[in-house]
Amino acid sequence: MKLSKIRLRNYRCFGEGEQVILIDDLVTFIGNNSAGKSAALCALNCIFSENANDRVLKRSDFHLPKDKKPEELMQQEMYIEAVFTFEELEDEHGKKYAVPQFFESLVVDEPKGTPYLRVRLMATWETSTTIEGAIDSKVVYVTCSEEQEITDDDIIIAPRRDLDRIRLIYVPAVREPAKQLKNVSGTMMHHIMSSINWSNITKQNVTTKIQELNAQFMGEKGVSILGNSIKTQWKEYDTDARYSNAELHFNSTDLDSSIKKSEIVFQPTVTGKEYNVEEMGDGLRSLFYISMVDSILDVENTIRKEIEDNPDNLSFSRIPPILTIIAVEEPENHISPHLIGKLIENLKNTAIRSNAQTILTSHSPAIIKRVEPECIRYFRMNVATESTEVRKITFPDKEKFEDQYKYIKEAVKAYPELYFAKLVILGEGDSEEILLSKFFECCGKNIDISGISIVPLGGRHVNHFWRLLNDLHIPHITLLDLDREREGGGWGRIKYVLKQLIANGYSKDELLKLQSGKVLTDDELEAMSNWKVNDEKIMQKWIDFLEKYNVFFSAPLDVDFLMLENFETDYKGLLEGNEGPRILVEIDRKKEQQKIIEIEELDEKPDEYTKRVEEDIRNTLKKEGGDGSTYTEEQKRLMIWYNYLFLNRGKPSTHILALSKLDDLDLLFNLPSVFGRLIKVADKLLNNQ
């Protein structure tokens, strides 16, 4: 039996529109602060908590619509629904441990369909003579399909004894694990310890030993004096016959009261000293608490096996819950970073048990990158309605687009901070990440404070990232290399962007409309990459047009060439000593004399220089690229330096070194115009303009 989804309507930050949260064996709720993650866990607590106080609804549990004042609302209806599936019914040889308990309340949508269970908390609040108002609530089984409208005939009151077979262990972000790690009433340890089937011999022996211990204890003169004083003084205050005789005892008088005082201690082999839970740090206590949950589940599996295999000789009198849902808020709290991986692995192992599931909430990229993206649920506060929306992460079809699926999945795991960003900038690689951060800083903006996440994609599968970010309602800007005259670049890159925008739902008629009013056909769009138009003005118009869709290009080639054009002297100034591009020049053909000369030292341009330029153009534009005819002579000359500084030395290290030698005024004065426009758009998106 597993929880498969939660339905919420008008509960706390969840508004009038029903929100459906799909649940896996291990699922992680993420989102910004106050997005509704804790509210979703508390909703489950309202139905399945072992503590009756947690199941009591208050006025604040009902959603207040944005356009209503509290005094204007006369009545409000709310529901929380948990839907359970039964994996054991899908296996012919599966065990039917959970089914009989809920058999009469199961729902089947179609012949031979797999049954499921709907448990719904229904509540109504309305004004009354009290400040809090009147709240009526009930927990019911819903016996109709999820697609049908619920009628009175589809509702059966759910007995609490049945609901208690489903246990929720809720571990809040601010937690006190020490309380749960002691064997006091209501804790996990108490439930197990109190259900042990102690033999009569053990009970009698324990009672005898306790009496002997207390007798020895009271034999001490000092203890006797204190005990007599307590007894005498108490009689002066109270005469109730039940409590008249106050006795000082070293320990309890029977087995039941003794096991309540049992606790876990740690005894290192080096010192021999015992340590208790209270002496542990917060992080270790938190880890040990989660470990205890796993231990209890393991014991309960043993109990279940005994019930099936040896019912006449049980070690415990307790019937374990059918399902335990472990809901942990921010498991990274108090825990050292190097232990987070182990923690998540243990929670995963717990979640795959047949009798357990795990729900996490987190803000930590260290946690999120260790969780499969398919198991993430994104919580977002809709500003327009002031209510929470929950979305599942969208990925390419795994079977149709296996490569894209793997790439997007790994990229998201590598940059999990994009989930929490107010703005995501998709770039080509490390160069964009380095340069954009610096340019934002020069403009007086800090990307961390602003909530900007820069994610390098290498230009691959950008359409899938657009779809993902659109689904999550996260604003985004894309910066791509134009790669003019490289294979797939120039018009091919513009065509690619147009096709991906159309695939993401943008109007084809608007995107492909020419100045004449004609709209490009599919065939004409497909042929765009073969356009022989070399007029930069025409290509620039398309580039300017696509900036309206927050797609920018580093033109004419890539961001590295763009920086070299704008900061040529500064990048050349990075070289020291004998560094720099050189050519072998023939001085005297008859004497076969040659000389290696630095490019910058050439006053005239010999044949060797022309050959070098042609060679570096080919290296820059790649083997399958063009001949550089769309570039100026100055740009062709720079390709020698492009090859030397970026292709031969490494792009990130060259940019980092150059930026370290440039002051902010120099950077702003020579800032490439595309970066200036991009930063202005980023400002608007961050300010919801």
Side-chain angles (χ1 to χ4, degrees), residues 394 396-397 400-401 404 424-428 457-471 473 475-559 561-562 621-622 624-632 635 672-682 684-685 689:
T394 302
D397 186 281
K400 292 183 179 179
F401 309 103
Q404 292 94 319
V424 172
I425 300 178
L426 303 173
E428 290 275 0
L457 302 178
R460 299 183 62 191
H461 314 310
V462 69
N463 58 317
H464 296 301
F465 274 93
W466 286 347
R467 186 174 296 113
L468 184 150
L469 294 169
N470 284 331
D471 283 348
H473 293 283
H476 51 280
I477 295 171
T478 307
L479 177 62
L480 299 174
D481 294 338
L482 183 62
D483 285 337
R484 199 170 72 209
E485 289 198 48
R486 281 178 175 168
E487 186 181 27
W491 288 113
R493 188 58 52 88
I494 292 172
K495 180 190 79 171
Y496 171 77
V497 170
L498 290 169
K499 291 179 70 174
Q500 303 315 319
L501 287 171
I502 292 170
N504 272 269
Y506 288 94
S507 170
K508 181 178 177 181
D509 291 341
E510 291 181 11
L511 280 167
L512 303 184
K513 189 174 183 180
L514 304 178
Q515 283 186 330
S516 62
K518 171 181 168 32
V519 177
L520 291 177
T521 65
D522 290 344
D523 290 340
E524 288 171 331
L525 174 61
E526 198 61 40
M528 178 182 278
S529 54
N530 298 321
W531 285 5
K532 300 300 182 182
V533 180
N534 292 333
D535 189 338
E536 288 186 40
K537 292 182 179 179
I538 296 176
M539 185 176 284
Q540 189 61 46
K541 286 182 180 179
W542 282 93
I543 292 172
D544 294 341
F545 172 71
L546 288 173
E547 288 187 5
K548 297 177 182 178
Y549 294 85
N550 297 337
V551 179
F552 293 79
F553 287 100
S554 296
L557 189 63
D558 56 22
V559 72
F561 192 82
L562 185 62
L621 301 179
K622 311 302 181 187
E624 303 82 3
D627 58 6
S629 59
T630 65
Y631 291 86
T632 66
Q635 287 172 333
S673 59
V674 64
F675 287 119
R677 297 192 301 274
L678 186 151
I679 290 171
K680 286 181 180 179
V681 171
K684 291 181 180 180
L685 293 175
Q689 296 179 1

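In this text the structure is predicted, and so the values were computed from the model without any measurement. Values reported hereafter were calculated over all heavy atoms of this structure, with side chains retained and with hydrogens, waters and symmetry mates removed.
To the nearest 0.5 angstrom, L511 atom CG is 9.0 Å from Y506 atom OH. Note that CG of N463 and CG of N470 are 11.0 Å apart. Values are rounded to the nearest 0.5 Å. If you take OH on Y549 and CG on L501, they are separated by 7.5 Å, rounding to the nearest 0.5 Å. Residue L546 holds its CG atom at 14.5 Å from NZ of K541, rounded to the nearest 0.5 Å. In this structure, the separation between CG on N504 and NZ on K499 is 13.5 Å, given to the nearest 0.5 Å.
L512 is listed as a side-chain neighbour of I502, based on a closest heavy-atom distance under 4.5 Å. Taking the side chain as every heavy atom from C-beta outward, V462 and Y496 approach each other to under 4.5 Å. Side-chain contact between L480 and V497 is present, with heavy atoms from C-beta onward closer than 4.5 Å. Using a 4.5 Å heavy-atom cutoff, the side chains of M528 and L520 are in contact. Using a 4.5 Å cut-off on side-chain heavy atoms (C-beta onward), T630 and P556 make no contact. Residues L525 and K495 are in side-chain contact: their nearest non-hydrogen atoms beyond the backbone lie under 4.5 Å apart. F552 has its side chain within reach of I477: a pair of non-hydrogen atoms, C-beta onward, lies under 4.5 Å apart.
Closest heavy-atom contact between E485 and Y631: OE2-CD1, 3.6 Å. Residues W491 and W531 approach most closely at CD1-O, 3.7 Å, considering heavy atoms. Closest heavy-atom contact between G626 and L621: O-CD1, 3.6 Å. Shown here for F561 and Q635, the closest heavy-atom pair between the two residues is CZ-O, 3.5 Å. Between D481 and E428, the shortest heavy-atom distance links the atoms N-OE2, 3.0 Å. Looking at every heavy atom in both residues, G492 comes nearest to S529 through CA-CB, 3.7 Å.
Look at R677 and E547 and you find a salt bridge, because one of the NZ, NE, NH1 or NH2 atoms lies within 4.0 Å of a carboxylate O, short of that distance.
Side-chain contact of S629 with D627: a donor-acceptor pair under 3.5 Å is present, judged by distance alone.
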Trace of the side-chain hydrogen bond (donor to acceptor under 3.5 Å, both in side chains) decision for D544 with Q540: CA-CA 6 Å; D544 294 341; Q540 189 61 46; 2.9 Å; yes
Check against side-chain contact (heavy atoms from CB on, under 4.5 Å), L482 and S554: CA-CA 6 Å; L482 183 62; S554 296; over 6 Å; no
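K548 meets the salt bridge (Lys or Arg N to Asp or Glu O under 4.0 Å) test with no other residue; sequence neighbours excluded. Residues that satisfy the side chain to side chain donor-acceptor pair (under 3.5 Å) test with T521, not counting sequence neighbours, are E524. Take D483 and apply the side chain to side chain donor-acceptor pair (under 3.5 Å) test, not counting sequence neighbours, and it matches R486, R493. Scored by the salt bridge (Lys or Arg N to Asp or Glu O under 4.0 Å) test, E510 finds no partners at all (sequence neighbours excluded). For F553, the ring-ring contact (aromatic ring centres under 6.0 Å, His included) test picks out no residue, with sequence neighbours left out. Partners of K508 under the salt bridge (Lys or Arg N to Asp or Glu O under 4.0 Å) rule, at least two apart in sequence or in another chain, are D522.
Applying the side-chain contact (heavy atoms from CB on, under 4.5 Å) test between H476 and each of L685, L469, N550 identifies L469 as the sole match.
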